Chemist: 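This is the structure I want to talk about, given as structure tokens.
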Amino acid sequence: MAILFGGLYGFQTFKEIMIRKAIGAMANPPQTVSTVMAANAPWQSSLSAVGSLRAVNGADLALQVAGIVQSIEFTSGDSVAAGQTLLSLVATDDVAKLRSLQATAENYAIVLKRDEEQIKFNAVSQATVDSDKANLKNAQALVEQQKALLEQKSLKAPFSGRLGIRAVDLGQYLSAGTSIVTLQSLDPIYVDFYLPQQALASIRIGQDVSVAVDAFPAERFTGQITAINAKVDSASRNVQVRATLRNGEARLLPGMFAKVEIAVGKPEQVVTVPLTAIVSNSYGDLVYLVDELHDGQGTARQMFVKTRPAKGDRVAVNDGIKPGETVVIAGQLKLRNGSPVKIDNSHVPQAEAAPNIVDQ
């Protein structure tokens, strides 16, 4: 019996040892990952913001008097010059009244001229001549007043620019202030954006900016800072900044959403890695390095890093990675400290600081 029970106990012990070895071998198999070698590269620090495009001159044109549209002298989308007549209201009564007032003023001028001749012979008094002069000035003022009223019956372009879509028709009655068409001066064009007050030390008038818009995602439009607001918003602690962009082809339109980037400082040589190498958690950003690399296999080592804001597909690392170290960029989620890894870089995409960008 002792031999029987001893044999059973020995068999169970042997089985448990073998099971533990099998589980241990299965628990930590080599994980397939993709890697790159960390290297120094030029890096330009920058400030980023979002803003809105705004015309240098832009207005929704309207008349300050009511009336019926008599003529429309523009087409939607036209480019117009300053002072060009765009629309006129029916003004028959006003024209007739102007002619009446002009006739009255001419009559007073004749009377004054006659009395000035007669006063030389004491045929009229000085008081009569003075009254004639006052009457003529009053008549001339009424003529100018009527001309001003008549001018209000026509709409003229206040500045050169491009018209939008016409919103009125011939014969339509317009009340005062009715929007007729928008006029926008498109070249150059402004971009307004906000930066935190800490950025004031890094920006200046004339500094270059780069602007991206969703309509042309593969292009960058360049300009310069032309104005910095004289106060900081006390609620947000942000300061408004305005840059001016070239827009000769009028592809940028007022109201567009814009992403603004401002280069600050001088270019530096820093360690950069693809953005996919960074793993974020509640303790901070970390990467996995591969040590003991031999024949495409090695051991993963977890390393916490300090990074700068990413640019495109790449990120600069201030601390934690040295040039020449092998960094895992794909497959990190299944790794932990000491995990064996197998490297497969056959399908590694290229990581660029500014992918598919064309400067304008």
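All residue numbers refer to positions in the sequence shown, counting from 1. Just so you know, these numbers come straight off a predicted model, no measurement behind them.
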Chemist: Taking atom NZ as the centre, does Lys259 end up with more than 12 heavy-atom neighbours from other residues, nucleotides or ligands that are less than 6.0 angstrom away?
Modeler: no

Chemist: If you apply the rule side-chain hydrogen bond (donor to acceptor under 3.5 Å, both in side chains), what do you find for Thr128 with Ser131, and how did you get there?
Modeler: CA-CA 5 Å; Thr128 300; Ser131 178; over 6 Å; no

Chemist: Hey, does the side chain of Thr104 reach the backbone of Ser100 with a donor-acceptor pair shorter than 3.5 angstrom?
Modeler: yes

Chemist: Treating Gln207 as the side-chain partner and Arg204 as the backbone partner, does any N or O pair qualify as donor plus acceptor under 3.5 Å?
Modeler: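 At least one qualifying donor-acceptor pair exists.
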
Chemist: Cationic tip of Arg242 within the cone over Tyr190's six-membered ring, i.e. under 6.0 Å and within 45° of the normal?
Modeler: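 Verdict for Tyr190: a cation-pi partner in Arg242.
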
Chemist: Any side-chain heavy atom of Glu292 within less than 4.5 Å of one from Gln297?
Modeler: no

Chemist: Report the residues that fulfil side-chain hydrogen bond (donor to acceptor under 3.5 Å, both in side chains) with Asp78, sequence neighbours left out, ordered by chain and then residue number.
Modeler: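 Result, side-chain hydrogen bond (donor to acceptor under 3.5 Å, both in side chains) vs Asp78: none returned.
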
Chemist: Is it the case that Arg246 and Thr222 place a side-chain donor and acceptor less than 3.5 Å from each other?
Modeler: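 A pair is found: one side chain offers a donor N or O, the other an acceptor, under 3.5 Å apart.
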
Chemist: Is the shortest heavy-atom distance from the side chain of Val232 to the side chain of Asn238 under 4.5 Å?
Modeler: no

Chemist: Say whether, by atom type as modelled, one donor and one acceptor occur between the side chain of Asn345 and the main chain of Thr35 under 3.5 angstrom.
Modeler: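 At least one qualifying donor-acceptor pair exists.
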
Chemist: Counting only heavy atoms from other residues, nucleotides and ligands, does the tally under 6.0 Å from NZ of Lys334 exceed 12?
Modeler: yes

Chemist: Is it the case that the side chain of Gln172 and the backbone of Asp169 share a donor-acceptor pair, with hydrogens and angles ignored and the cut-off at 3.5 Å?
Modeler: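 Yes: the side chain of Gln172 pairs with the backbone of Asp169.
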
Chemist: Working to the nearest 0.5 angstrom, can you tell me the gap between Asn57 CG and Ile189 CD1?
Modeler: 11.5 Å

Chemist: Do Leu63 and Tyr173 share a hydrophobic cluster, counting only Ile, Leu, Val, Met, Phe, Trp and Tyr and linking them when any side-chain heavy atoms are less than 4.5 Å apart?
Modeler: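 Unlinked, Leu63 and Tyr173 end up in two clusters.
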
Chemist: In this structure, would Ile329 and Val290 fall into the same cluster of hydrophobic residues linked by side-chain contacts under 4.5 Å?
Modeler: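 In one cluster with Ile329: Val290, no.
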
Chemist: Mind running side chain to side chain contact (heavy atoms under 4.5 Å, CB included) on Ile321 and Val273 for me, showing each step along the way?
Modeler: CA-CA 9 Å; Ile321 303 177; Val273 295; 4.1 Å; yes

Chemist: Tell me whether Val341 shares a hydrophobic cluster with Leu286, the cluster being built from Ile, Leu, Val, Met, Phe, Trp, Tyr side chains joined at under 4.5 Å.
Modeler: yes

Chemist: In Å, rounded to the nearest 0.5 Å, how long is the span from CE of Met303 to CG of Leu289?
Modeler: 6.0 Å

Chemist: Would Thr182 and Gln184 count as having a side-chain donor-acceptor pair, cut-off 3.5 Å?
Modeler: yes

Chemist: Ser79 and Arg162: side-chain donor and acceptor closer than 3.5 Å?
Modeler: no

Chemist: Going by heavy atoms in the side chains, are Val241 and Asp192 under 4.5 Å from each other?
Modeler: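 Not touching, per the 4.5 Å side-chain cut-off.
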
Chemist: Minimum heavy-atom separation for Ser48 and Leu195, please, with both atom names.
Modeler: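 Where Ser48 meets Leu195 most closely, the heavy atoms are O-CD2, 4.2 Å.
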
Chemist: Does some side-chain heavy atom of Ile205 sit less than 4.5 Å from a side-chain heavy atom of Thr226?
Modeler: no

Chemist: Nearest 0.5 Å, please: how far is CD in Gln31 from CD1 in Ile343?
Modeler: 13.5 Å

Chemist: Under a 3.5 Å distance rule, please check whether Ser76 uses its side chain to pair with a backbone N or O of Arg166 as donor and acceptor.
Modeler: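 Yes, Ser76 side chain to Arg166 backbone: donor-acceptor pair under 3.5 Å.
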
Chemist: Measure the spacing between CD1 of Ile119 and CG of Asp130 and express it to the nearest 0.5 Å.
Modeler: 7.5 Å

Chemist: Check for a donor-acceptor pair, side chain of Ser34 on one end and backbone N or O of Asp344 on the other, with a separation under 3.5 Å.
Modeler: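 Yes; at least one donor-acceptor contact below 3.5 Å.
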
Chemist: Step by step, would you call Val80 with Leu163 a side chain to side chain contact (heavy atoms under 4.5 Å, CB included)?
Modeler: CA-CA 7 Å; Val80 297; Leu163 296 172; 3.6 Å; yes

Chemist: Output the distance between atom CD1 (Ile68) and atom CG (Leu174), rounded to the nearest 0.5 Å.
Modeler: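 Result: 9.5 Å between the selected atoms.
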
Chemist: Using side chain to side chain contact (heavy atoms under 4.5 Å, CB included), reason through Thr244 and Ile225 one step at a time and then give a plain yes or no.
Modeler: CA-CA 6 Å; Thr244 303; Ile225 294 176; over 6 Å; no

Chemist: Taking Gln146 for its side chain and Val95 for its backbone only, find out whether a donor-acceptor pair lies under 3.5 Å.
Modeler: no

Chemist: Would one find more than 12 heavy atoms of other residues, nucleotides or ligands at under 6.0 Å from atom CZ of Phe193?
Modeler: yes

Chemist: Are Lys156 and Glu73 close enough for a salt bridge, meaning some N to O gap below 4.0 Å?
Modeler: no

Chemist: So with a 6.0 Å cut-off around CG of Asn281, is the heavy-atom count from everything else above 12?
Modeler: yes

Chemist: Using the side chain to side chain contact (heavy atoms under 4.5 Å, CB included) rule, take Gln102 and Lys147 through it: C-alpha gap first, then chi angles, then the decisive distance, then the call.
Modeler: CA-CA 10 Å; Gln102 288 174 332; Lys147 284 182 178 180; 3.8 Å; yes

Chemist: Counting only heavy atoms not in Phe159 (residues, nucleotides, ligands), do more than 12 fall under 6.0 Å from its CZ?
Modeler: yes

Chemist: Heavy-atom distance under 4.5 Å between the side chains of Gln197 and Val239, does that happen here?
Modeler: no

Chemist: Indicate yes or no for a side-chain donor-acceptor contact from Ser160 to the backbone of Ala82 under 3.5 Å, with no hydrogens or angles considered.
Modeler: yes

Chemist: Is there a donor-acceptor contact under 3.5 Å from the side chain of Asp60 to the main chain of Ser179?
Modeler: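 Answer holds: no.
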
Chemist: If we count only N and O atoms by modelled type, under 3.5 Å, do the side chains of Tyr288 and Gln332 hold a donor and an acceptor together?
Modeler: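 Short answer, no.
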
Chemist: Looking only at side-chain N and O atoms, does Ser46 offer a donor or acceptor that is under 3.5 Å from a partner on Glu261?
Modeler: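 Yes - a donor-acceptor pair under 3.5 Å links their side chains.
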
Chemist: Check the pair Asp285, Ser280 against side-chain hydrogen bond (donor to acceptor under 3.5 Å, both in side chains), reporting the backbone distance first and the verdict last.
Modeler: CA-CA 5 Å; Asp285 294 336; Ser280 298; 2.9 Å; yes

Chemist: Can a donor-acceptor pair be found, under 3.5 Å and without considering hydrogens, that links the side chain of Glu268 to the backbone of Pro42?
Modeler: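 Checked: no pair found.
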
Chemist: CG/Leu89 to CG/Asp94 distance, rounded to the nearest 0.5 angstrom?
Modeler: 9.5 Å

Chemist: Do NZ/NE/NH1/NH2 and the carboxylate oxygens of Glu325 and Arg301 come within less than 4.0 Å?
Modeler: yes

Chemist: Given the rule that I, L, V, M, F, W and Y join up when any side-chain heavy atoms are under 4.5 Å apart, are Tyr283 and Val279 in one cluster?
Modeler: yes

Chemist: In terms of hydrophobic clustering (I, L, V, M, F, W, Y; side-chain heavy atoms under 4.5 Å; direct or indirect links), are Val69 and Val65 co-clustered?
Modeler: yes

